[in-house]
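Okay, so here's the structure we're looking at.
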Number of protein chains: 2
Amino acid sequence: MRDVAVRAGVSTMTVSRVLNEPGKVSEEMRERVLKAVREIGYLPNHLAGSLSSNRSTTIGLIVPSIDNSIYTQTVKGLSEVLKRSGFQLMIAESGYDPNEEEELITVFLSHRVGGLVLHSTEHTPQAVEKIRKSGIPVVENGNIPKEPLDMVVSYSNRDASYAMTMHLGRLGYRKIAFASLYSVHNDRSQDRLKGYLAALKQLGHDPDPRMVLETGRGLAAGAEVVARVMQSVPEVDALFCAGEVLAAGALFECQRRNWSVPGRIALASFDDVDLLRHVSPSITTLRLPRYDIGERTARILLSRIIDGADHLRGSIVDLKFEVIQREST
Amino acid sequence: MRDVAVRAGVSTMTVSRVLNEPGKVSEEMRERVLKAVREIGYLPNHLAGSLSSNRSTTIGLIVPSIDNSIYTQTVKGLSEVLKRSGFQLMIAESGYDPNEEEELITVFLSHRVGGLVLHSTEHTPQAVEKIRKSGIPVVENGNIPKEPLDMVVSYSNRDASYAMTMHLGRLGYRKIAFASLYSVHNDRSQDRLKGYLAALKQLGHDPDPRMVLETGRGLAAGAEVVARVMQSVPEVDALFCAGEVLAAGALFECQRRNWSVPGRIALASFDDVDLLRHVSPSITTLRLPRYDIGERTARILLSRIIDGADHLRGSIVDLKFEVIQREST
DNA sequence: TTGTAGGCGTTATCAC
DNA sequence: GTGATAACGCCTACAA
């Protein structure tokens, strides 16, 4: 920058102003400086800028696992909005481990990110403490926690799960089984179970522990889980797979075993993955606002950071979801 | 840091050393400093550190589109290796647009990333110039370009496509159609087409423009493409879908239309997505080293950055792929 | 082994 | 509207 200033015959302050607040500089100066910038091929140093101004244009994002199709839409929403405002995204994965998450938060804080986006809503006390101390805005967006750290942009896993279970009940299914991803350190799974149980109660069905299953991720897990429940509870007439592509895996297994869907067993899913619409029978599922979550998260963070919108502190955005009835139920 | 130094009764330099080169400090000092660090809850400022030392622990990654399942494995490989060395990942998407890519490169360079990972191998001349000037190591990993910027970690799209086409030819198929994603600004698609054509020549088949198709992404695109080729070239007996989940979409369409697979038409795919293994018939495809690419990319970058391994400059890592024969051919 | 001085490239602040 | 000066928090280089 010094070189640019010398070449343009001005002070470094003027160069800085031309680059950051062009309005506050006379047109003549502006052109002289920009010319010098071009000639030299000058690239501003954001590190120095952030250090000096104590402002950051970097947002830290921590997801449990990057290779999960449901996050990518959220990341895309985040990324697109942030990019427009010249903000950068730092991504890391916690592997569903709160201690790992804490460590990553520490690293991001060291990098002086301007804001933090956390998918998980379960954090170590130390992580909470560090975030509080840093004073930066945070958005949680995997679920709506009882005690938010700061802001929340999400849908309610409990409500969504409740809605789908009620939907199945209203369709006349009497023995509705429930499958989710392992619930250890996964409050999304835990809340989905709560929603399922609440709906059963509302429907007047008795909960049956044999019909509540947990499994891993992927199509194979879905296949496994439907086989398991058919074996242990032959009278089951519907299976709600509350996680990823489990339902598709379950459907493929049913086809292999010649269990008609929905005749022998109905299948329902969570999340509107493309695949669910294209298989036969197409699978009833929930449409969740994955992209919107990213977009709104970015917007609310930027408001806090750029506009200092302090009234947004602690705000909770509960986005809508929707049951999509298809052929599998 | 000054506070820590005061509290421990040492100079800031000693604090810095304890944090970065603990070996060069006496044990007594070390403990005194660490105690002060804990008591104060001191968090180092990476920005200041990088600015001062002119070293960076941030890697910039640019992918065409984040919501693409095939990149996530690569990102995971990258992320896991980098994390172990305390490096951070900045991610952005270019939307298959070289100009957008150039802009993102500029931003990353402003942030003084220590290295750059680019999926695309097509860049604007200005982008190339800026990277050269910055002197930081770069890895391209979507393809093996004729004129690499610096290092390359990838498989050969041409060779993979050639291998699959030859495989179909050897199985006895005579009318092999080829579908890929749109090839504008997408050298991966272009090279896959080249591989297909080279294999046809080798097999003694005449190329037929009606059997070379381009389409968008997603299952619906796969459905569309198989319908299109069956319509225009009824005698087609195999379709090689060289892109994402196209083949799965094609299979679903065949099932809807009662075209038996592989009896009426054989289907082959690119990339070993979980889905392809689980549908019936399971789909013949290529296993590409997506995760390995990320891992190797990270390793080679770190060697350059940390160990200053200059002999790696310009090195090309051509990773192996594999044809997986399944029921659809 | 530890400390001192100076500078990394910017921007905040306050004069002019 | 423009410039001089002093930070920002850390690390390099050199000295003790």
Side-chain angles (χ1 to χ4, degrees), chain A residues 1-34 36-37 40-58 86 106-107 109-114 133-136 306 308, chain B residues 1-34 36-37 40-58 86 106-107 109-114 133-136 306 308:
Chain A
M1 180 154 129
R2 160 157 263 96
D3 300 338
V4 175
V6 170
R7 184 172 196 111
V10 299
S11 71
T12 60
M13 256 333 289
T14 301
V15 177
S16 175
R17 286 201 187 93
V18 168
L19 265 26
N20 300 310
E21 314 163 292
K24 295 190 175 176
V25 178
S26 72
E27 196 169 326
E28 189 208 331
M29 283 287 151
R30 210 182 311 149
E31 286 179 6
R32 241 202 297 167
V33 169
L34 289 177
V37 165
I40 292 194
Y42 164 72
L43 254 188
N45 185 328
H46 257 273
L47 298 182
S50 295
L51 177 62
S52 179
S53 67
N54 201 26
R55 273 182 266 109
S56 166
T57 61
T58 302
T106 308
V107 174
L109 255 26
S110 273
H111 278 268
R112 296 299 186 264
V113 295
K133 198 171 167 189
S134 78
I136 65 173
I306 299 177
Chain B
M1 182 153 131
R2 158 159 264 94
D3 300 337
V4 175
V6 171
R7 183 171 196 111
V10 299
S11 73
T12 60
M13 249 343 280
T14 302
V15 177
S16 174
R17 287 202 185 93
V18 169
L19 264 28
N20 300 311
E21 314 164 291
K24 294 190 176 176
V25 178
S26 71
E27 198 170 322
E28 189 207 330
M29 284 286 151
R30 209 182 311 148
E31 286 178 7
R32 244 204 293 169
V33 170
L34 289 177
V37 165
I40 294 195
Y42 165 72
L43 255 187
N45 185 328
H46 258 273
L47 298 182
S50 296
L51 177 62
S52 179
S53 67
N54 202 27
R55 274 183 264 111
S56 166
T57 60
T58 302
T106 308
V107 175
L109 255 25
S110 274
H111 278 268
R112 296 300 187 264
V113 294
K133 199 172 166 187
S134 78
I136 65 173
I306 299 177

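Naming: A, B, ... by sequence-line order, numbering from 1 per chain. Source: prediction; values computed, not measured.
- With sequence neighbours excluded, the residues that form a salt bridge (Lys or Arg N to Asp or Glu O under 4.0 Å) with A:E21 are A:K24.
- Under the side-chain hydrogen bond (donor to acceptor under 3.5 Å, both in side chains) criterion, B:S11 pairs with B:T14, not counting sequence neighbours.
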I'd like to know whether B:I136 forms a side-chain contact (heavy atoms from CB on, under 4.5 Å) with B:L109, so could you lay out the CA-CA distance, the side-chain angles of the two residues, the decisive distance to 0.1 Å, and finally the verdict.
CA-CA 9 Å; B:I136 65 173; B:L109 255 25; 3.6 Å; yes

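- Across all strands, B:N45 comes closer than 4.0 Å only to sugar-phosphate atoms, never to a base (heavy-atom distances).
- For DNA chain D, the outermost nucleotides in 5' to 3' order that have an atom under 4.0 Å from a heavy atom of chain A are D:dG1 to D:dG9.
- Counting non-hydrogen atoms of neighbouring residues, nucleotides and ligands closer than 6.0 angstrom, the CG atom of B:N54 reaches no more than 12 such neighbours.
- Annotation: the terminal axes of the helix from C:dT1-D:dA16 to C:dC16-D:dG1 meet at 30°, where each axis is the rotation carrying the C1' atoms of four end pairs onto the next four (5 pairs per end, rounded to 10°).
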Output side-chain donor-acceptor pairs under 3.5 Å for residues 41-51 of chain A, partner residues at least two apart or in another chain, one line each.
residue, atom, partner, partner atom, Å
A:N45, OD1, A:L47, N, 2.8
A:N45, OD1, A:A48, N, 3.1
A:S50, OG, A:H46, O, 3.0
A:S50, OG, A:R55, O, 3.1

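- Residues forming a salt bridge (Lys or Arg N to Asp or Glu O under 4.0 Å) with B:R32 (at least two apart in sequence, or on another chain): B:E28.
- Residues passing the side-chain hydrogen bond (donor to acceptor under 3.5 Å, both in side chains) test with A:R7, sequence neighbours excluded: A:E39.
- Listed in residue order, the members of residues 9-19 of chain B having a heavy atom less than 4.0 Å from DNA chain C are B:V10, B:S11, B:M13, B:T14, B:R17.
- Contact between A:G114 and A:S56 at its shortest, heavy atoms only, is N-OG, 3.3 Å.
- Not a single donor-acceptor pair under 3.5 Å links the side chain of B:T12 to the backbone N or O of B:A5.
- When each of A:E27 and B:E21 is assigned the nucleotide of DNA chain D bearing its nearest heavy atom, the one mapping closer to the 5' terminus is A:E27.
- Residue-to-nucleotide proximity on DNA chain C shows that, of A:A48 and B:G23, the 5′-proximal contact is made by B:G23.
- Counting any heavy atom pair closer than 4.0 Å across all strands shown, B:R55 reaches sugar-phosphate atoms only and no base atom.
- Taking a heavy-atom distance under 4.0 Å as the criterion, the stretch of DNA chain C touched by chain A extends 5' to 3' from C:dG9 to C:dT13.
- Among residues two or more places apart in sequence or in another chain, the salt bridge (Lys or Arg N to Asp or Glu O under 4.0 Å) test is passed with B:K133 by none.
- Using a 4.0 Å heavy-atom distance criterion, B:M1 is classed as a sugar-phosphate-only contact.
- Checked against side-chain contact (heavy atoms from CB on, under 4.5 Å), B:S52 has no partners two or more places apart in sequence or in another chain.
- Legend: residues meeting side-chain hydrogen bond (donor to acceptor under 3.5 Å, both in side chains) with A:S53, ordered by chain and number and at least two apart, are absent.
- Pairing each heavy atom of A:V10 with each of A:V33, the nearest pair is CG2-CG2, 4.0 Å.
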